[in-house]
Amino acid sequence: MEIMNTMMSAAMNEVRNGNIIVQWGATLPDIKEEPGQSTAPEILAYGKDVPEKGGYVLHLDRTVTKMTAEEFKAAPKAGAKAGS
């Protein structure tokens, strides 16, 4: 449990420092133990350089994939209204 707390603390520091961008206000489609149990491809969080350089993104279904900058720009974002 201590390792999990350390990992969460490090991740939150990255969010606070602006290195990880989170789409706040999104609702998780499920909270089952295993990620990917629902269809929710919207992007929930990503590294600050992903829009320009590509990289790893966290989807609303809690899976992680690597995207190019072009794929990222075309992908739906969690919590975003259509057309934004």
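Just the heavy atoms: all of them, side chains too, but no hydrogens, waters or symmetry mates, feed the values below. Just so it is clear, the model here is predicted, and its values are computed rather than measured. For the single chain, residues carry numbers from 1 onward in sequence order.
Of all heavy-atom pairs between E42 and K77, the closest is CB-C, 3.9 Å. Minimum heavy-atom separation, K53 to A69: N-CB, 4.2 Å.
Side chains of L28 and L60 form a contact here, defined as non-hydrogen atoms less than 4.5 Å apart. Side-chain contact between M67 and I43 is present, with heavy atoms from C-beta onward closer than 4.5 Å.
Of the inter-residue distances, the one linking S9 atom OG with E14 atom CD reads 10.5 Å to the nearest 0.5 angstrom. Between L58 atom CG and L44 atom CG the span is 5.0 Å, to the nearest 0.5 Å.
Taken together through direct or relayed side-chain contacts under 4.5 Å among Ile, Leu, Val, Met, Phe, Trp and Tyr, I21 and W24 form parts of separate hydrophobic clusters.
Applying the ring pair (Phe, Tyr, Trp, His ring centres under 6.0 Å) test to pairs two or more places apart or on separate chains, those with a residue in residues 32-63 are Y46-F72.
A distance-only check finds a donor-acceptor pair linking the side chain of D61 to the backbone of T63 [under 3.5 Å].
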- Task: Please test V57 against V50 for side chain to side chain contact (heavy atoms under 4.5 Å, CB included), starting from the C-alpha separation and ending with a verdict.
- Result: CA-CA 8 Å; V57 301; V50 171; 3.9 Å; yes
